[in-house]
Structures are given as structure tokens and as C-alpha cells.
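Please read these numbers as outputs of a predicted model, since none were measured by experiment. Throughout, a chain's letter reflects where its sequence line sits, starting with A, and its residues are numbered from 1.
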2 protein chains.
Amino acid sequence: MSALDDTDFAILRLLAEDAGQGAGAIGRACGLSQPAAWRRIKRLRDAGIVGGQRLVLDAEALGFGVTVFLGVKLATKGRVSLEDFERAVSAIPEVQTVEHVLGLYDYRLRVVARDLPDFERVLRRRIMTLPGAGEVEANVLLSEERRPGPLGGRH
Amino acid sequence: MSALDDTDFAILRLLAEDAGQGAGAIGRACGLSQPAAWRRIKRLRDAGIVGGQRLVLDAEALGFGVTVFLGVKLATKGRVSLEDFERAVSAIPEVQTVEHVLGLYDYRLRVVARDLPDFERVLRRRIMTLPGAGEVEANVLLSEERRPGPLGGRH
DNA sequence: GCTGAAACTCATTACGT
DNA sequence: ACGTAATGAGTTTCAGC
């Protein structure tokens, strides 16, 4: 796995802003010919640095106006309870992200709902009934900003 | 804003798995001609339901083996302190996500670092010095599962 | 690495059902 | 709202420099 140079980071930064553009546009933007840019992008893909590309869906436009982050503390921790919990939580469609974490909580969930009454339904009928779920903490999303993360700059 | 039908949700589900495929592949997968699929995708874009497509970068392959979620409670809350905090936190390259939330904490941050010593450096020199930052809670990411979210099924 | 040029796919429009 | 057909642009691959 050879090290990435500045051009690779420039490509990643360009693709992080808009993954829709092709090798031609990338090449023009960083002074590379189209095949050269295409080869570098393929190398980044093959190396597993670029995992894929996901859609950015507007939850609000889809009718889901409420996003809540839940911190979940398990009541009983063990091999089995972790797997049971993960399997059960994966079956809830309103759960967008399941993060197994270390710290004050055991799991962090990102949950969407149409509105607050709908969220209460999800919380009472889906989340609180999860196997092994103990303490639950909630944070309602007001606004969100996503950034590319550290890509090549000096820190 | 006309309602979405099952075919639209099928398209969103296909694109949520891999946003890289074009209208032709989408059409083949759900029994539509290429222009028909293309028109529906364009309609979803124009309606703002599809915001764009982002790269999925493997942080570990980029040398960032540690991901930490921080819950931040502001010491002083007010119009100015929110803006100051957001501006300052946006200047930290290691911060991937800034979520303004309602609840026990005021902000949730997703932070990446090369390793735990590197994270301690970010925490002490970047996070703890943020203007107005009060209590900080941390959760280290062990594993993560992302799911498309509720797309059209009956709930 | 680049250029050039195939072959192929895709995006986009036009037209008819 | 769909399909077929057609066009132009972009992508991918393979040469040779």
C-alpha cells in the first residue's frame, strides 16, 4: 500500500465535495489528463480508501422531520446480549445508524421519525422493548454540518 | 410536490446501496427503461429528496484508527456563544460532524484521530480550548452499521 | 505519465403510445 | 407515465510515445 501524495488528497477532497463528477472533471481540476486521473481514482478504490458512494437523502423532504440521537446503556452485558441487541435494533427501519461505543453508553443510535408523536411511538414500542436495553438518553437534532475530515493537510 | 410511489422508493433503495450506478442499471433493476428511470431520478433530484452523493472514505485506511463521539455542554449559552462555538469547531480538521442538539448536551461532534495519543492532543489543544465549552463526554467508536432508513415500507 | 483513438456506456432530447 | 430511437458526451481500455 503505497503512500498517498498531495495529488491523491486533492482528488479525495474534490470527490468528497461531489462524488458525482467523473475522471475528466477531476483531471481538469487538478492538472491531470483524464486517463491519469482515472487511474488514480481506480487505485484509491482498489486500495479500499474509497469504499463507495452514498446518497445524501433529505429526511425532511421524505416526511421525516425529527432526527434523534439515542445513547443506550445495556442492562445486561455479555456476548449474547450484544448480538441480541444488534439483531433486534437492525430490524427497526427508523434506525439509520447503530454505533457500538465504549464509554458512558454502550450503543448510539440515530433514529428518524415523522414528528414527535411518531418518535414517541418508536421509542415506546421499538426502542424500550429492545432486549437488554437499560438507560436511554436522547438528543434531538436541530442542525447538522458535515465536513470532509482531515485529508492531507498538516496538523 | 407529488407523492412518491413504490417505484420511487425502490429507486431510492437501489441508489442508497450504491449511488454510483446510472439510470440504465436502475431501470434494468426495477423493470423500467433507461429514460423512464432517468426521468424519475431527475424528478427526485429536482424535488430536493436526493441532495447529492458523498464518498464513503475508510478512515482507517487513511491512517485514522480512532473515531470518538463527543457530547459537549456549553458553559455559557447565548446567540453569540453558539456562533462562536460553531465557527471555532468548524476550523478543526479532525471534526467530521457538528450536530447542534437539544437535550443533555448542546453539541455532538464526530472526531477522528490517528490513535489515542493523537486524540488526546486534539482533545486538549483543540476541543477543551473551544470558546464556551463546558462539560465534555466521550464515546469511542468500536463498530458501526449504517442503514438506509425508512424508505417506503409500511410502519 | 502522457496523447490518441477505439468501443462502450450513459445522459439527454425527441417523438409516439 | 412509459417506450423506442437517436444524439452527443463521458467513460474505460488499449495502443504507442
Side-chain angles (χ1 to χ4, degrees), chain A residues 1-64 146 148 151-154, chain B residues 1-58 61-63 146 148-155:
Chain A
M1 166 166 78
S2 54
L4 306 183
D5 62 12
D6 294 342
T7 309
D8 289 316
F9 285 118
I11 290 174
L12 287 176
R13 236 174 281 120
L14 287 163
L15 286 175
E17 284 189 32
D18 176 16
Q21 55 195 325
I26 297 295
R28 256 161 304 189
C30 58
L32 237 56
S33 75
Q34 199 229 31
W38 183 85
R39 274 192 295 267
R40 293 183 97 112
I41 295 171
K42 179 175 172 50
R43 197 162 54 85
L44 292 170
R45 283 193 179 281
D46 293 346
I49 292 166
V50 173
Q53 36 196 3
R54 292 186 87 98
L55 275 199
V56 180
L57 292 178
D58 186 340
E60 205 154 330
L62 280 165
F64 295 95
R146 283 168 196 251
L151 286 178
R154 311 276 156 270
Chain B
M1 165 166 80
S2 53
L4 307 182
D5 61 12
D6 293 343
T7 309
D8 288 316
F9 285 119
I11 290 174
L12 287 176
R13 236 174 280 120
L14 286 163
L15 285 176
E17 284 188 32
D18 176 16
Q21 53 195 325
I26 297 296
R28 274 183 295 270
C30 58
L32 239 56
S33 75
Q34 198 226 32
W38 182 83
R39 279 190 291 258
R40 293 183 97 114
I41 294 171
K42 177 174 173 50
R43 200 163 53 85
L44 292 169
R45 282 193 179 283
D46 293 345
I49 292 166
V50 172
Q53 38 194 11
R54 293 186 86 96
L55 275 199
V56 179
L57 292 178
D58 186 340
L62 280 165
R146 284 170 195 251
L151 287 176
R154 310 278 156 265
H155 314 302

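Atom-to-atom, CG of B:Asp46 to C1' of C:dA11 comes out at 14 Å; the value is rounded to the nearest Å. Residue B:Gln21 contributes atom CD, which lies 10 Å from atom P of C:dC10 at whole-angstrom precision. Protein atom CG of A:Asp8 is 14 Å distant from nucleotide atom C1' of C:dG1, rounded to whole Å. Distance CH2 (A:Trp38) to C1' (C:dT3): 16 Å, rounded to an integer number of Å. Rounded to whole Å, atom C1' of C:dC10 lies 13 Å from atom CD1 of B:Ile26.
Under the 4.5 Å side-chain criterion, counting only non-hydrogen atoms from C-beta, B:Leu57 is in contact with A:Val50.
When distances run from any side-chain atom of B:Leu32 to the nucleotides D:dG3, D:dT13, C:dA11, the shortest one goes to D:dG3. The side chain of B:Gln34 has C:dT12 as its nearest neighbour among D:dT12, C:dT12, D:dC2. Here the nucleotide nearest the side chain of B:Arg39, chosen from D:dC2, C:dA11, D:dT13, is D:dC2. When the nucleotides D:dT4, C:dC10, D:dT13 are ranked by their closest atom to the side chain of B:Ser33, D:dT4 comes out on top. The listed nucleotides are D:dT12, D:dC2, C:dT12; the one nearest the side chain of B:Pro35 is C:dT12.
For B:Arg28, a side-chain nitrogen or oxygen approaches OP1 or OP2 of C:dC10 to under 4.0 Å.
Shown here for B:Arg54 and A:Val56, the closest heavy-atom pair between the two residues is CG-CG2, 3.4 Å.
By the 4.0 Å N-to-carboxylate-O rule, B:Asp8 lies too far from B:Arg13 to be salt-bridged with it. Salt bridge present: B:Arg40 and B:Asp5 bring a charged side-chain N and a carboxylate O closer than 4.0 Å.
Closest-nucleotide positions on DNA chain D for A:Gly20 and B:Arg43 were compared, and the one nearer the 5' end corresponds to B:Arg43.
For a distance-only test at 3.5 Å, the side chain of A:Arg40 fails to qualify as a donor-acceptor partner of the base of C:dG1.
Nucleic acid contact class of A:Arg45 (heavy atoms, under 4.0 Å, all strands): none.
For B:Gln53 (side chain) and B:Leu15 (main-chain N/O), no donor-acceptor pair under 3.5 Å exists by modelled atom type.
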